[in-house]
Amino acid sequence: MAIRNVGVIGCGLMGSGIVQVSAQAGFPTTVVEANQALLDKGLGAIRKNLEALVAKAKLDEAGKQAILGRIRGALSFDAFKDCDLVVEAITENQPLKNETFARLDAVCPPHALLASNTSSCNITAMAAATRRPGQVLGLHFFNPVPLMKLVEVVQSILTDEKSVLAAYEWVQAVGKVPVRTKDSTAFIVNRLLVPYLLDAIRVYEGGLATLEDIDQAMKLGCGYPMGPFTLLDLVGLDTTMFVAEVMFDEFREPRYAPPPLLKRMVMAGQLGRKSGKGFYDYSGK
Ligand code: CAA
Ligand code: NAD
């Protein structure tokens with residue numbers, strides 16, 4: 001199945017990046033947000049990223065305009081009626097995602113693939129909410145989407161092999177490297193990464209060292225590109241907490257439970273870079 005028209009739901013941190021790479025690769029891409037202000041914010045972030053590429057002479061003005069011309073913003077799922085693939089990138093919440101897949105199923109053409117960018121939710125439950133479970137799968141991009149090469153292609157027990165292959169080819173067409181994984185909570189990367197991030201918070205809560213020294217230690221001691229707290233602020237503390245809750249709920253392992261400090265920071269609205277404050281302060285940047 002050839003994928004030509006692409007849809008994305010949610011134009012937040014991840015959705016805006018997925019829209020950008022899809023349009024950069026030549027796919028007409030429609031994005032739906034919850035309201036006009038959020039849509040404007042997400043489209044503004046894409047424009048800013050493209051302008052940074054123009055400033056570095058990695059893209060010319062005509063190229064920027066062509067990419068922006070392939071992006072269409074909308075507020076209703078009806079805008080997906082001609083899409084061959086829709087990628088969902090809304091909040092990490094299983095009931096909300098299931099309900100969204102049922103709504104998508106009602107408006108998308110019968111041949112369309114429906115994918116979720118979920119970090120940890122259950123693809124099988126989203127598939128079961130539709131009348132096309134064989135065409136539902138996970139396409140898990142990484143943050144920041146324009147820079148990170150990996151996409152996990154997640155196959156549930158209901159996903160057809162031909163849907164996986166079509167999605168796999170699209171991932172390559174947008175310049176990413178796909179790896180295949182089964183629909184098991186948190187897939188490959190988050191299964192390994194999230195316990196490390198949660199441990200970093202516990203170590204800090206226990207008073208072992210400062211944030212800055214823990215970050216420096218993991219960067220210089222292990223060669224990681226970012227320390228755990230810089231990465232937590234990039235991912236979003238709300239998203240990390242939701243993922244930890246899903247993992248704890250699935251496996252009942254204490255190490256997956258969100259640490260008290262993480263929960264309190266989310267309650268306080270300290271979500272990381274996106275809110276201007278997380279473990280570090282971004283208000284001046
Ligand atoms: N968007 C677009 N471009 C960006 C960017 C962003 N958010 N951040 C940086 N860049 C650009 C910079 O402008 C710079 O461009 P030039 O080379 O053209 O000048 C380039 O990227 C490199 O930037 P920096 O030198 O500032 O930073 P860096 O070399 O440290 O690279 C990084 C940045 C790739 C993000 C790197 O720090 C990194 O790999 N960090 C770890 C990210 C990571 O682990 N992501 C996964 C998170 S987990 C996840 O996504 C899954 C989940 O479900 C939660
Ligand atoms: P975000 O909060 O930045 O963006 C989510 C967006 O979805 C918001 O702008 C919200 O308004 C919108 N939205 C919610 N319900 C909607 C609806 N019914 N219709 C249209 N738009 C709606 O979150 P994010 O970090 O972009 O995460 C999105 C998804 O991607 C989550 O499932 C998350 O687990 C996953 N993910 C996140 C990261 C990360 O590092 N943050 C990495 C990989 C995957």
Side-chain angles (χ1 to χ4, degrees), residues 7-21 24 30-43 45-46 48-59 73-77 79-80 86-104 115-123 126 138-152 154 185-194 196-197 215 218-219 223-228 230-247 271-275:
V8 176
I9 319 173
C11 201
L13 217 50
M14 296 303 290
S16 62
I18 297 167
V19 171
Q20 181 183 326
V21 297
Q24 271 179 308
T30 300
V31 58
V32 170
E33 246 300 345
N35 64 49
Q36 191 63 46
L38 290 167
L39 181 61
D40 292 344
K41 188 174 171 213
L43 294 176
I46 297 172
K48 212 170 134 201
N49 271 348
L50 297 177
E51 276 162 5
L53 293 176
V54 172
K56 289 182 215 158
K58 292 186 172 178
L59 180 71
L75 296 178
S76 156
F77 280 21
F80 294 136
V86 178
V87 184
E88 166 276 312
I90 66 169
T91 317
E92 187 74 346
N93 177 295
Q94 184 84 53
L96 186 63
K97 288 190 191 278
N98 296 350
E99 180 206 310
T100 299
F101 272 70
R103 285 175 58 208
L104 271 180
S116 175
N117 183 55
T118 182
S119 301
S120 58
C121 292
N122 188 315
I123 304 293
M126 295 177 223
L139 286 180
H140 184 212
F141 287 77
F142 289 81
N143 184 12
V145 178
L147 300 184
M148 304 306 282
K149 294 298 273 182
L150 186 72
V151 176
E152 290 177 319
V154 186
T185 298
F187 320 124
I188 304 169
V189 173
N190 284 336
R191 188 82 166 262
L192 300 175
L193 176 67
V194 172
Y196 154 71
L197 294 175
D215 268 0
M218 295 313 292
K219 268 177 78 173
Y224 289 3
M226 285 178 169
T230 311
L231 184 54
L232 280 157
D233 280 353
L234 176 76
V235 166
L237 304 195
D238 50 347
T239 301
T240 308
M241 186 188 78
F242 299 147
V243 173
E245 280 170 346
V246 172
M247 292 176 75
L271 308 181
R273 282 190 198 202
K274 65 182 170 187
S275 72

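Order of listing sets the numbers, starting from 1, for every ligand and every atom in it.
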Problem - Enumerated ligand 2 atoms positioned under 4.0 Å from heavy atoms of T118 - result: 32 (O)
Fill in the blank from the handout: The protein heavy atom nearest to atom 2 (O) of ligand 2 is K274 NZ, 3.5 Å
Problem - Sub-4.0 Å heavy-atom approach of M14 to ligand 1 - result: no
Problem - Nearest non-hydrogen protein atom, atom 43 (C) of ligand 2 - result: F141 O, 3.2 Å
Practice task
Return yes when V235 approaches ligand 1 closer than 4.0 angstrom through a heavy atom, no otherwise.
Solution key: yes
Problem - D238 N/O to ligand 2 N/O under 3.5 Å - result: no
Practice task
Just go through N117, N190, V32, I90 and tell me whose heavy atom is the nearest to atom 31 (C) of ligand 2.
Solution key: I90
Handout entry: Closest approach of any protein heavy atom to atom 10 (N) of ligand 1, naming residue and atom
Key = L147 CD1, 3.3 Å
Practice task
Decide whether an N or O pair under 3.5 Å exists between L13 and ligand 2.
Solution key: yes
Handout entry: Atoms of ligand 2, numbered as shown, that sit under 4.0 Å from any heavy atom of L38
Key = 11 (O)
Exercise for the section: Spell out, as yes or no, whether a donor-acceptor pair under 3.5 Å connects the side chain of Q94 to the backbone of N122. Expected result: yes
Problem - Per-atom contact, atom 25 (O) of ligand 1, protein heavy atoms, under 4.0 angstrom - result: no
Completion exercise
Between P225 and K219, the two heavy atoms sitting closest are O-CE, 3.9 Å
Practice task
Using a 4.0 Å heavy-atom threshold (strictly under), name the region of L231 that reaches ligand 1: side chain, backbone, both or neither.
Solution key: side chain
Problem - atom 32 (O) of ligand 2: the protein heavy-atom neighbour that sits closest, reported with distance to 0.1 Å - result: E92 OE1, 2.5 Å
Handout entry: Option of least heavy-atom distance to atom 5 (C) of ligand 2 (set: A89, P144, G10)
Key = A89
Exercise for the section: Show your reasoning for whether side chain to side chain contact (heavy atoms under 4.5 Å, CB included) applies to V21 and F141. Expected result: CA-CA 11 Å; V21 297; F141 287 77; 4.3 Å; yes
Handout entry: ligand 1 atoms in contact with L193 (distance to a heavy atom under 4.0 Å)
Key = 48 (S)
Exercise for the section: Please confirm whether L234 comes within less than 3.5 Å of ligand 2 when only nitrogen or oxygen atoms on both sides are compared. Expected result: no
Completion exercise
In this structure, atom 7 (N) of ligand 1 is nearest to the protein heavy atom P144 CB, 3.3 Å
Practice task
Number the atoms of ligand 2 from 1 as they appear, then name those within less than 4.0 Å of a heavy atom of S119, with their elements.
Solution key: 33 (C), 34 (O), 35 (C), 36 (N), 37 (C), 43 (C), 44 (C)
Problem - atom 49 (C) of ligand 1 - nearest protein heavy atom and its distance - result: F142 CD2, 3.4 Å
Problem - Nearest non-hydrogen protein atom, atom 40 (O) of ligand 2 - result: N143 ND2, 3.1 Å
Exercise for the section: Mind listing the closest non-hydrogen atom pair of F187 and C121 along with its distance? Expected result: CZ-O, 3.8 Å
Completion exercise
One finds that the ligand 2 atoms under 4.0 Å from a non-hydrogen atom of H140 are 43 (C), 44 (C)
Practice task
May I ask you to identify, for V243, whether its side chain, its backbone, both or neither come under 4.0 Å of ligand 1 on a heavy-atom basis?
Solution key: neither
Practice task
Specify the protein heavy atom at minimum distance from atom 41 (N) of ligand 2: its residue, its atom name, and the distance to 0.1 Å.
Solution key: V235 O, 2.8 Å
Handout entry: Verify atom 31 (O) of ligand 1: protein non-hydrogen atom under 4.0 angstrom away
Key = no
Exercise for the section: Below 4.0 angstrom from a heavy atom of T91, which ligand 2 atoms are there? Numbered from 1 as shown, please. Expected result: 14 (C)
Exercise for the section: For A34 and ligand 2, answer yes if some heavy atom of the residue is under 4.0 Å from a ligand atom, otherwise no. Expected result: yes
Practice task
Using atom types as modelled and distance alone, determine if a side-chain donor or acceptor of N143 lies under 3.5 Å from a backbone N or O of L234.
Solution key: yes
Exercise for the section: List the atom of G236, the atom of K274, and the distance in Å for their closest heavy-atom pair. Expected result: CA-CE, 4.3 Å
Practice task
Could you check M247, H140, E152, M14 and say which one makes a side-chain contact (heavy atoms from CB on, under 4.5 Å) with S119?
Solution key: H140
Handout entry: Minimal non-hydrogen separation, V32 against A79, with atom names
Key = CG2-CB, 4.3 Å
Problem - N/O separation below 3.5 Å, T100 to ligand 2 - result: no
Handout entry: Proximal atoms of ligand 2 relative to K97 (non-hydrogen, under 4.0 Å)
Key = 31 (C), 32 (O)
Problem - Protein contact of atom 4 (O) of ligand 2 - nearest heavy atom, named by residue and atom, plus distance - result: G12 CA, 3.4 Å
Completion exercise
Taking only non-hydrogen atoms of N143 and a 4.0 Å limit, the atoms of ligand 1 in range are 42 (C), 43 (C), 45 (N), 46 (C), 47 (C), 50 (O)
Exercise for the section: Find out whether L53 and Q24 are in side-chain contact, i.e. whether some heavy atom of one side chain is under 4.5 Å from a heavy atom of the other. Expected result: yes
Problem - Protein heavy atom at shortest distance from atom 12 (C) of ligand 1 - result: K56 NZ, 3.9 Å
Exercise for the section: Select one of side chain, backbone, both or neither to describe which atoms of F142 lie under 4.0 Å from any atom of ligand 2, heavy atoms only. Expected result: neither
Practice task
Could you tell me whether a side-chain N or O of S116 sits under 3.5 Å from a main-chain N or O of T118, the two making a donor and an acceptor?
Solution key: yes
Exercise for the section: Keeping the roles fixed (side chain from D215, backbone from T230), state whether a donor-acceptor pair exists under 3.5 Å. Expected result: yes
Practice task
Establish whether atom 22 (C) of ligand 1 and some protein heavy atom are separated by less than 4.0 angstrom.
Solution key: no
Problem - Enumerated ligand 1 atoms positioned under 4.0 Å from heavy atoms of P225 - result: 36 (C), 37 (O), 38 (C), 39 (O), 40 (N), 41 (C)
Exercise for the section: Considering heavy atoms of the protein only, find what lies nearest to atom 17 (O) of ligand 1 and give residue, atom and distance to 0.1 Å. Expected result: K58 NZ, 3.8 Å
Exercise for the section: Over all heavy atoms of both residues, which pair between I123 and G138 is shortest? Give the atoms and the distance, please. Expected result: CD1-CA, 3.7 Å
Fill in the blank from the handout: atom 2 (C) of ligand 1 has as its nearest protein heavy atom N49 OD1, 3.8 Å
Handout entry: Within-cutoff protein neighbour (heavy atom, under 4.0 Å) for atom 28 (P) of ligand 1
Key = no
Exercise for the section: Could you list which atoms of ligand 2 come closer than 4.0 Å to a heavy atom of I9? Expected result: 19 (N), 20 (C)
Exercise for the section: For the residue pair T239 and E92, confirm or rule out a side-chain donor-acceptor distance under 3.5 Å. Expected result: no
Exercise for the section: Taking all non-hydrogen atoms of both residues into account, name the closest pair between V145 and I18 and its distance. Expected result: CG1-N, 3.9 Å
Handout entry: Any N/O pair L96/ligand 2 closer than 3.5 Å
Key = no
Handout entry: Approximate separation, where rounding is to 0.5 Å, of E33 CD and K41 NZ
Key = 9.5 Å
Handout entry: Residue, atom name and distance, where the atom is the protein heavy atom closest to atom 9 (O) of ligand 2
Key = E33 OE2, 2.5 Å
Problem - Sub-3.5 Å N/O-N/O distance, E88 and ligand 2 - result: no
Problem - Nearest neighbour in protein (non-hydrogen) for atom 37 (C) of ligand 2 - result: M14 CG, 3.4 Å
